[in-house]
Amino acid sequence: MTTIKVAALPPVRSGVCADPDWMAGFCRHIEAIGFESVVVVEHPLVIGDYTSRYPYAPSGRMPLPDDCAIPDPIDLLGFLAGVTSTLGLSTGVLVLPAHHPVIMAKRLATVDRLSKGRVRLCIGVGWMREELEACGVDFASRGRRTDECIDVMRVLWADTEPDGASFDGEFFSFSHAHTHPKPFQSGGVPIHIGGHTPPSIRRAATRGDGWQPLGLWGDELAQALDRLHAATEAAGRDRDALELTISAMSTQATPETLGKLADLGVDRLVVTCGKAELGAAQDEMSEVAARIGLASPT
């Protein structure tokens, strides 16, 4: 039986994420057979003639068609919260600088409260310049803006009554701010950092509850983890408290695969479902659960 938590990513390319019957059936099934969480992706919009380079494919183009149905991830997780009872609800990843952090803090707190603490937020800074510019965000400052968005949300989730929360930054400023409900989770919604670059390691080490490296394997991953641990300790934080999630793994994972990941300190594996038909997708997830030894909830 595996000790690593295992999450599932639906076959986004197939457009099923906007099908309520498909998503409800898929999530109820993976919940029943022992998957820890479901992961959903985000693009607020896609600019068809983008010239930005997608960093996780040799072609520089993302593997999704321009007209792929990618619903808003927080709204989708709210829907999925209502059709499941224990399944974790995660983004992977949400383009944080495209959102106003005050509004995002309220939306996340609401879903976390109503789901009784099942939300996990994995964020990225975004790679498509055209997408962020369409959202009114300066691409060059997206890293600083992301850091500030994280700080704003944490301030708003904290218990600052009766005076309320205050913040004074480069992009956002407020004082005596009251926002309720607070997240169900006492420390607020966990924020994991997605990415593969040195800034993502820095952000995870100084601000994150976890790191989700994208596109790193083998020696590259091991070296990045060494840098992450060093940066976390330099920031005066407990490296063991930082969760590590590995994503983009196919459904061919074996117990040996998980053993190697566990030796690296991996806490969670995200497997990507490849079947568009619901019954076939459920069968694929059942086969994965049996192969790697997931324990069904009692």
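The chain is numbered in sequence order, starting from 1.
L45 places a side-chain heavy atom less than 4.5 Å from the side chain of C135. Side-chain contact between R129 and I47 is absent, with no heavy atoms from C-beta onward closer than 4.5 Å. Side-chain contact check for T197 versus S200: some heavy-atom pair is nearer than 4.5 Å.
Cation-pi check for R61 over Y50 is met; the charged atom lies under 6.0 angstrom from the ring centroid and within 45 degrees of its normal.
Looking at V288, V271, V38 one by one, the single match for side chain to side chain contact (heavy atoms under 4.5 Å, CB included) with I30 turns out to be V38.
To the nearest 0.5 angstrom, K260 atom NZ is 7.5 Å from T254 atom OG1. Note that OG of S286 and CG of L294 are 10.0 Å apart. Values are rounded to the nearest 0.5 Å. The CG atom of L221 lies 10.0 Å from the CG atom of L228; values are rounded to the nearest 0.5 Å. Taken from CD in E31 to OG in S85, the straight-line distance is 4.0 Å, to the nearest 0.5 Å. Taking CE of M153 as the reference point, atom SG of C149 lies at 6.5 Å (rounded to 0.5 Å). Atom CD of Q212 is separated from atom CZ of R120 by 7.5 Å, given to the nearest 0.5 angstrom.
With hydrogens and angles ignored, the 3.5 Å screen pairs no side-chain donor or acceptor of D267 with any backbone N or O of T245. Although no hydrogens or angles enter the test, the distance criterion places a donor-acceptor pair under 3.5 Å between the side chain of T160 and the main chain of A165. Judged by distance alone, with hydrogens and angles left aside, the side-chain atoms of R237 form a donor-acceptor pair with the main-chain N or O of A205 at under 3.5 Å. With R268 contributing its side chain and V6 its backbone, the two residues share no donor-acceptor pair below 3.5 Å. The main-chain N or O of F171 is found under 3.5 Å from a side-chain atom of E148 such that the two form a donor-acceptor pair. Between the side chain of E130 and the main chain of T51, a donor-acceptor pair closer than 3.5 Å is present. Under the 3.5 Å distance criterion, the side-chain polar atoms of H176 are matched with a main-chain donor or acceptor of D163. Side chain of R291 to backbone of T251: a donor-acceptor contact under 3.5 angstrom is found. Counting only distance, with no hydrogens or angles, the side chain of Q185 and the backbone of D112 share no donor-acceptor pair below 3.5 Å.
The two atoms that bring G126 and V95 nearest to each other are CA-CG1, 3.8 Å, heavy atoms only. Taking each heavy atom of P11 and W22 in turn, the nearest pair found is CD-CH2, 3.4 Å.
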query: Which is it for T257 and L269 under the side chain to side chain contact (heavy atoms under 4.5 Å, CB included) test, yes or no, and what are the steps along the way?
result: CA-CA 10 Å; T257 304; L269 172 67; 5.6 Å; no

field: Intermediate values then yes/no, salt bridge (Lys or Arg N to Asp or Glu O under 4.0 Å), D151 and R207
entry: CA-CA 8 Å; D151 294 345; R207 285 178 166 83; 2.9 Å; yes

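Checked against a 6.0 Å centroid threshold, the rings of F172 and H100 count as neighbours.
Taking a 6.0 Å sphere around NE2 of H180, one finds it holds more than 12 heavy atoms contributed by other residues, nucleotides or ligands. Within 6.0 Å of CG on D226 lie more than 12 heavy atoms contributed by other residues, nucleotides or ligands. Crowding of K275 atom NZ: a count of heavy atoms from other residues, nucleotides or ligands under 6.0 Å not exceeding 12.
Salt bridge absent: D138 and R144 never bring a charged side-chain N and a carboxylate O closer than 4.0 Å. Ion pairing of D147 with R203 is present here, as a side-chain N (NZ or NE/NH1/NH2) and a carboxylate O approach within less than 4.0 Å.
No donor-acceptor contact under 3.5 angstrom links the side chains of S52 and W127, judged on distance only. No side-chain donor from either of E277 and S14 sits under 3.5 Å from a side-chain acceptor of the other.
Residues I191 and L77 are members of one and the same hydrophobic cluster, defined by side-chain heavy-atom contacts under 4.5 angstrom among Ile, Leu, Val, Met, Phe, Trp and Tyr. Criterion: ILVMFWY side-chain heavy atoms under 4.5 Å apart, direct or through other members. Under it, F139 and V46 are not part of a common hydrophobic cluster.
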